[in-house]
**Student:** 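The structure follows.
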Amino acid sequence: MKYDFSAIEKKWQKVWDEKKCYAAINGDKKPKYYALIEFPYPSGEGLHVGHPRPYTAMDIVARKRRMQGYNVLFPIGYDAFGLPTENYAIKNKMHPREVTKRNIARFTDQLKMLGFSFDWDRVVDTTDPEYYKWTQWIFLKLFEKGLAYKTKMPVNWCTSCKCVLANEEVVNGVCERCSCEVVRKEKSQWMLKITEYAERLINDLDDLDFIERVKIQQKNWIGRSTGAEVDFDTTSGGKLRVFTTRPDTLFGATYMVISPEHELLKTWLPNLENREEVIAYQEAAARKSDFERTEMAKEKTGIELKGVRAINPVTGTEIPIFTSDYVLATYGTGAIMAVPGHDDRDWEFAKKFGLPIIEVVKGGNVEECAYTDCETGIMVNSGFLNGLSVEDAKVKITQWLAEKGLGSEKVNYKLRDWVFSRQRYWGEPIPLVYCEKCGWVPVPESELPVLLPDVDSYETTDTGESPLSLMDDWVNTSCPACGGSAKRETDTMPQWAGSSWYFLRYMDPHNKDALVGEDAIKYWNRVDWYNGGMEHTTLHLLYSRFWHKFLYDIGIVPTAEPYAKRTSHGMILGEGGDKMSKSRGNVVNPNDIVDEYGADTLRLYIMFIGDFEKAAPWSSTAVKGCKRFLDRVWNLAEKAMNTADGEYSAKNEASIHRTIKKVSDDIENVKFNTAIASLMSLVNEFSDKGCTKADMKALVKLLSPFAPHIAEELWVMLGGKGLCCEQPWLEYDEAKTIEAEKTLAVQINGKLRTTVTVPNDCEDSVVINAALEDEKVKRAMEGMKLVKTIVVKNKLINLILKPQSP
RNA sequence: GCGGAUAUGGCGGAACUGGCAGACGCGCCAGACUUAGGAUCUGGUGUCUUUGACGUGCAGGUUCGAUUCCUGUUAUCCGCACCA
C-alpha cells in the first residue's frame with residue numbers, strides 16, 4: 001500500500017471532528033493547560049505559509065499536553081475589524097461584513113486542512129455584536145474609572161487612511177499599515193491612560209516567563225528614567241520647571257531651552273525684545289512634520305528669548321533661555337536645563353551659540369567634546385558637591401533641592417497615552433453620547449452593544465470625520481442622563497481593541513451575561529503559554545497587558561498578568577531570503593504544498609526549517625526531504641506490521657529512550673527542528689538495524705504531535721487501540737538512555753589523534769591503558785615522555801607528551 | 001547615536017556546564033534498478049599540496065583543550081530614535 005496522504009488526512013480530520021477529540025471542558029478534573037496563538041486577521045489573500053509556523057508549534061505543545069493528561073484549551077478566532085477589509089469593501093462595493101464572512105470561511109477551510117487541534121466550538125469573531133458588546137463594556141468601565149478621556153491634541157494623521165494613528169502605529173514616520181506619510185494634526189481624540197500603568201507594566205515583567213528580547217523591548221518602549229524636577233526662577237517672575245536625570249550637574253547648567261510650544265513662552269512673548277523672530281521660529285517649527293522634527297544628524301536650530309533670563313538656583317547666576325525644537329513639548333516638562341559640558345546636544349548647541357561650557361565632572365576634555373560617559377567621575381566646579389562621586393552628588397543635591405523647596409525626585413516615561421479613536425467605519429462604535437447639558441454620557445449597559453449601523457458609503461470623509469458622522473438618524477439620539485437631545489460619538493475603536501481581551505472570551509465564548517463567567521475564569525485562570533510575533537511586542541502584547549491589569553483592578557480576572565509565558569517565532573522568508581510579499585511574487589500558498597505533499601509534510605517542514613525563533617527562507621526542494629522521511633516511516637511500519645509487540649527490541653531500546661527524552665525536552669524548549677532531526681535519526685537506525693512493531697509504535701507516538709494524520713493511520717496499521725492522539729505521552733528511563741560502551745576521543749597535546757572504546761563510566765586508569773595500547777598513540781609516543789593525562793569521563797582523554805630529554 | 005541579536009560547508013542549520021566541529025535535511029557525486037528518471041534504493045560528500053595540515057566573520061588572549069570564556073574589531077539584521 002502506498003502512503004495516500006490526501007485520503008488519510010481527510011479521513012482523520014473527520015474522525016477527530018466527530019469525536020470532539022480537541023474540545024476543552026470547563027471545570028474538568030484533569031489539570032488545565034491553556035495554549036494560545038495570536039488569532040489571525042482574516043485578510044483577502046488567505047493563509048500564507050508564515051501562518052502555520054506558530055500555529056503548528058503551539059499545536060505540537062497542545063497535542064503533547066493532551067497526551068500528558070491535561071485538559072487543554074487551544075482555541076482559534078478571528079480579529080476581523082480593520083482597514084484592509086474596509087478598503088477592500090470600498091473598492092469592490094461590498095459590505096465589510098460580507099467581506100469578513102467570506103474571508104473567515106476561507107481561513108477556516110485552510111486551517112482545518114492543516115489538522116490543527118483547535119476547539120472549533122469556541123471560535124471568536126471580534127466583529128460579532130455578541131463579542132464587541134463586551135469590548136464596548138470594557139471601554140465603558142475604563143471611562144467610568146477615568147481612564148478614558150477626550151482631549152484635543154496634536155495627533156499622528158495618516159494622509160492615506162485619513163485616520164489618526166497611535167504612536168505605536170507610526171513606524172519611521174510613516175503609517176505602519178500603508179507606508180504613507182503621517183502628519184501632525186490637531187484633533188479631539190479619545191485617549192486611554194496607559195501611562196497610569198507604566199510602572200506596573202515594567203515591574204511585573206520580572207516575574208513572567210517571557211523571552212528576554214520581549215521584556216527588553218517593552219521596557220525600552222515604556223522608557224522609564226529616574227531623575228529630578230527642578231524649578232528655576234526667572235527674571236519675569238515665573239518659575240521654569242525642568243526635568244533632568246543628572247541633577248548632580250546643576251552647577252554646569254549655563255543656559256535653558258524650552259520647546260516652541262511651551263505654555264510659559266506664550267506669557268513671555270509680549271515682552272520679548274525679539275518677539276517677531278521668536279514667533280517666526282515657532283511657526284516654522286509647527287510647519288515641520290514629526291518626521292522632519294525628529295530627524296537626527298541635522299544641525300540644531302534655536303533662538304534666544306531676549307528680555308527674560310533664568311537664575312541657576314545653586315550658583316545664583318543669570319543664564320539665557322532659548323527656544324529650540326530639539327526640546328520636545330511632550331516629554332518631561334517641555335523644558336531643559338542645558339549642561340553643555342556633559343551632554344552632546346547641549347554641547348553642540350553651546351558651541352554654535354557661543355555659550356559657556358563648564359566642566360563639573362572630572363575626566364574628560366569639555367573643550368573638545370561633551371564628557372557624557374561620566375557616571376563614575378568626581379565632581380568639580382560644583383560648590384558644595386566638589387569632591388563627591390556622581391552617585392553621592394545626586395543624593396546630596398536632591399536632598400538640598402527638597403530642603404529649599406526647589407525640586408524633588410521624579411520618574412518620567414517615554415510611553416504616551418493610547419490614542420483610541422479612529423475615523424473609520426469598520427470598528428467597534430464607541431458607546432458614548434454627547435449632551436450639551438451633561439457632557440459625555442455612557443450608553444447604559446442594558447443597551448449594549450451599540451450596533452454598527454449600515455451606512456450609505458464607507459468612504460472616509462474629507463473633513464476627517466468618520467463615515468458614521470453622515471448618518472444623521474444614528475448620530476442624533478437622546479441623552480441617557482437627562483433625556484434631552486444628544487449626539488453619538490462617531491469615531492470607532494482601533495484595530496487593537498478587540499484583541500486586547502479575546503483570550504478571556506475563549507474561556508467562556510457563549511456567555512450572554514458576562515464577558516467571561518466567574519467559574520470559567522477561575523478554572524482557566526490565565527494563558528499558560530502564548531506564542532506570537534515580535535511585531536506585536538509594543539502593540540497588542542502591551543495593550544492587552546494594560547487591559548488585563550485594569551480588569552484585574554476592577555475584580556473581573558484573578559491575575560494581574562494575562563500570559564504566564566511568551567515565546568516568539570521568526571518570519572518565513574521567500575526562497576531568495578527576501579520578505580514574502582505579493583509584489584515580489586514569492587508568496588508560497590500552503591494549499592499548493594498540501595496538495596502536492598500533504599499537511600503532515602508541510603507541518604513537519606515548517607518546524608524543521610530552522611531555529612523557531614529566527615527568520616528562515618522557504619526552500620521548495622527541502623520540503624521534499626520531509627515527505628521522503630514520512631514515506632520511509634510508512635514503509636518501515638508496513639514491514640514491522642507482523643513483528644513482535646510488547647517490549648522494545650533490545651537493539652533499539654537505548655535509542656528509543658534517548659529519542660523520547662530528546663523530543664520531550666526539545667518541544668518544551670521550542671527546539672522543534674532538533675526534535676525532528678532526532679526522529680529522523682531514529683528512523684535511520686531502524687532502517688539499518690531493523691525494528692519491531694513495539695519500536696515502531698513508540699516512533700509513531702513521538703511523531704504524532706508533528707504529523708498527526710499519518711500517525712493515526714500507522715497506529716491503526718500497527719494494531720494500536722483507540723486514537724493515537726489520545727495515547728499517553730511516552731516516558732523515558734534515564735538509566736536506559738545510557739549505552740554500555742562509550743567511544744572516547746584520544747587527544748595528544750590537545751589534538752585529536754584517534755578514538756578508543758571503553759565501558760561506560762569506567763575508571764580513568766582503564767581509559768589511560770586503552771589509549772596507550774592504541775597503535776597510533778604508540779607511534780606518537782616514540783621518543784616522547786608522558787608528562788600529564790587529562791581524562792574527562794565518558795568524553796575524552798588528552799595525553800600531554802614532551803620530547804625525552806637527552 | 002542608544003538598545004538587542006546574529007556571523008559555522010554549495011544551502012537551511014546542529015553542537016549539553018570549555019571536551020571527537022559540521023548532527024539532521026537539502027543539494028551535489030558515484031553506483032543499483034530502469035525504455036526513461038525531476039521516482040526509489042546503496043555508498044560518498046568541510047578545504048587543501050591528503051601517512052598530514054588547515055578550518056566556526058577578523059585580530060589577539062586565557063586554557064592540556066575554545067564555535068563556546070575574555071579584550072579589541074568588522075559586517076549584517078531588528079527595535080528605538082534629539083526622551084534631557
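Throughout, protein chains are lettered first and strands after them, A, B, ... in sequence-line order, and every chain is numbered starting at 1.
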**Student:** Quickly work out the A:Leu682 CG to B:rA23 C1' distance and round it to whole Å.
**Tutor:**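 Distance, rounded to whole Å: 14 Å.
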**Student:** So, for A:Ala335 and A:Ile258, which heavy atoms are closest and what is the spacing to 0.1 Å?
**Tutor:** CB-CG2, 3.6 Å
**Student:** Is the backbone of A:Val746 close enough, under 3.5 Å, to the side chain of A:Arg753 for a donor and an acceptor to pair up by distance?
**Tutor:** no
**Student:** Near RNA chain B, counting only heavy atoms under 4.0 Å, which residues of residues 246-254 of chain A show up?
**Tutor:**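 When residues 246-254 of chain A is checked for heavy atoms under 4.0 Å from RNA chain B, there are no hits whatsoever.
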**Student:** Determine the interatomic distance between C1' on B:rC77 and the same-named atom on B:rU71; round to the nearest Å.
**Tutor:** 25 Å
**Student:** Show me the dot-bracket string of RNA chain B, counting Watson-Crick or G-U pairs under 3.5 Å, with | for pairs to another strand and [ ] for crossing ones.
**Tutor:** (((((((..(((......[....)))((((((.......))))))(((...)))..(((((..]....))))))))))))....
**Student:** So what does A:Ala338 touch, heavy atoms closer than 4.0 Å: a base, only the sugar-phosphate, or nothing?
**Tutor:** nothing
**Student:** Would you say the side-chain atoms of A:Tyr732 and A:Thr659 include a donor-acceptor pair closer than 3.5 Å?
**Tutor:** no
**Student:** Rounding to an integer number of Å, can you tell me how far A:Gln217 CD sits from B:rC2 P?
**Tutor:** 18 Å
**Student:** Please report, rounded to the nearest Å, how far the P atom of B:rA84 is from the CG atom of A:Asp344.
**Tutor:** 13 Å
**Student:** Atom CZ of A:Phe608 to atom P of B:rA23: distance rounded to whole Å?
**Tutor:** 11 Å
**Student:** Do A:Asp231 and A:Pro313 have side-chain heavy atoms sitting under 4.5 Å apart?
**Tutor:**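 The answer is no; the side chains never approach within 4.5 Å.
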**Student:** Under the side chain to side chain contact (heavy atoms under 4.5 Å, CB included) test, which residues partner A:Thr757, sequence neighbours left out?
**Tutor:** A:Glu741, A:Thr743
**Student:** Below the 4.0 Å mark, does B:rC24 have OP1 or OP2 next to a side-chain nitrogen or oxygen of A:Asn673?
**Tutor:** no
**Student:** What about A:Lys300: does its side chain form a donor-acceptor pair under 3.5 Å with the base of B:rC82?
**Tutor:** yes
**Student:** Kindly give the heavy-atom pair with the smallest separation between A:Lys802 and A:Val787, and that separation in Å.
**Tutor:**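 Between these two residues, the closest heavy atoms are CB-CG1, 4.0 Å.
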**Student:** Give each protein N/O atom lying under 3.5 Å from an N/O atom of nucleotides 16-20 of chain B, with the pair distance.
**Tutor:**
unit_1	atom_1	unit_2	atom_2	d
B:rC16	N3	A:Lys795	NZ	2.9
B:rC16	N4	A:Lys795	NZ	3.3
B:rG19	N2	A:Gln747	OE1	3.3
B:rC20	N4	A:Thr743	O	3.0

**Student:** If anything within 90° of 0 is syn and all else is anti, what is B:rG60?
**Tutor:**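 Anti, angle beyond 90° from zero.
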**Student:** Name the residue closer to the 5' end of RNA chain B, choosing between A:Phe612 and A:Ala622 according to the nucleotide with the nearest heavy atom.
**Tutor:** A:Phe612
**Student:** Do A:Val257 and A:Tyr255 have side chains that get closer than 4.5 Å, going by heavy atoms?
**Tutor:**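 They are in side-chain contact.
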**Student:** Would you list the atom pairs, donor with acceptor, under 3.5 Å between side chains in residues 774-781 of chain A and any protein atom, with sequence neighbours excluded?
**Tutor:**
unit_1	atom_1	unit_2	atom_2	d
A:Asp774	OD1	A:Lys776	N	2.9
A:Asp774	OD1	A:Val777	N	3.4

**Student:** Taking the six-membered ring for Trp and the full ring for Phe, Tyr or His, determine whether the centres of A:Phe322 and A:Phe353 are under 6.0 Å apart.
**Tutor:** yes
**Student:** Could you check, using the six-membered ring where one of them is a Trp, whether A:Phe608 and A:Phe706 have ring centers closer than 6.0 angstrom?
**Tutor:**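 Aromatic pair excluded; centres sit 6.0 Å or further apart.
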**Student:** Are a donor atom and an acceptor atom from the side chains of A:Asp592 and A:Tyr597 found within less than 3.5 Å of each other?
**Tutor:**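 A:Tyr597 and A:Asp592 do not have a side-chain donor-acceptor pair below 3.5 Å.
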**Student:** Check every strand shown and say whether A:Arg224 touches a base, only sugar-phosphate, or nothing at a heavy-atom separation below 4.0 Å.
**Tutor:**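 Contact class for A:Arg224: none.
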**Student:** In whole angstrom, give me the gap between the P atoms of B:rU68 and B:rG61.
**Tutor:** 14 Å
**Student:** Report yes if a side-chain nitrogen or oxygen of A:Arg213 is closer than 4.0 Å to either non-bridging phosphate oxygen (OP1 or OP2) of B:rU6; otherwise report no.
**Tutor:** no
**Student:** Using whole Å, what does the distance between atom C1' of nucleotide B:rG25 and atom CZ of A:Phe672 come to?
**Tutor:** 18 Å
**Student:** Give me the distance, rounded to whole Å, that separates B:rG52 from B:rG3 when you measure between the C1' atoms they each carry.
**Tutor:**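 Roughly 48 Å separates the two C1' atoms.
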**Student:** With rounding to the closest Å, how many angstrom separate the C1' atoms on B:rU47 and B:rG10?
**Tutor:** 13 Å
**Student:** Considering just the side-chain nitrogens and oxygens of A:Arg628, establish if one lies under 4.0 Å of OP1 or OP2 belonging to B:rC26.
**Tutor:** yes
**Student:** Using OP1 and OP2 only, check whether a side-chain N or O of A:Lys751 sits under 4.0 Å from B:rC54.
**Tutor:**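 Answer yes for this pair, as a side-chain N or O of A:Lys751 is under 4.0 Å from OP1 or OP2.
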**Student:** Could you state the atom-to-atom distance from OH of A:Tyr3 to C1' of B:rU40 in whole Å?
**Tutor:**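 Value for this atom pair: 17 Å.
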**Student:** What is the distance, to the nearest angstrom, from the CD atom on A:Glu575 to the P atom on B:rG10?
**Tutor:**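 Rounding to the nearest Å, CD of A:Glu575 and P of B:rG10 are 20 Å apart.
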**Student:** Side-chain contact, heavy-atom cut-off 4.5 Å: A:Val683 with A:Leu636?
**Tutor:** yes
**Student:** Identify every side-chain donor-acceptor pair in residues 609-624 of chain A under 3.5 Å, counting partners at least two apart or on other chains, and give the distances.
**Tutor:**
unit_1	atom_1	unit_2	atom_2	d
A:Asp611	OD1	A:Glu613	N	3.0
A:Ser619	OG	A:Thr621	N	3.4
A:Ser619	OG	A:Thr621	OG1	3.2
A:Ser619	OG	A:Ala622	N	3.0
A:Ser620	OG	A:Glu575	OE2	2.6

**Student:** Measure from CG on A:Asn635 to P on B:rU42 and round the result to the nearest Å.
**Tutor:**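 In whole Å, B:rU42 P and A:Asn635 CG are 11 Å from each other.
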**Student:** Which whole number of Å gives the distance between the C1' atom of B:rC41 and that of B:rU51?
**Tutor:**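 Taking atom C1' in both B:rC41 and B:rU51, they lie 35 Å apart.
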**Student:** How far does the P atom of B:rU17 sit from the matching atom of B:rC69, given to the nearest Å?
**Tutor:**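 Roughly 10 Å separates the two P atoms.
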**Student:** Determine the contact category for A:Asp611: base if any of its heavy atoms lies under 4.0 Å from a base atom, sugar-phosphate if only primed atoms, P, OP1 or OP2 are that close, otherwise nothing.
**Tutor:** sugar-phosphate
**Student:** Which is more 5' along RNA chain B, the nucleotide nearest A:Asn684 or the one nearest A:Arg632? Just name the residue.
**Tutor:** A:Asn684
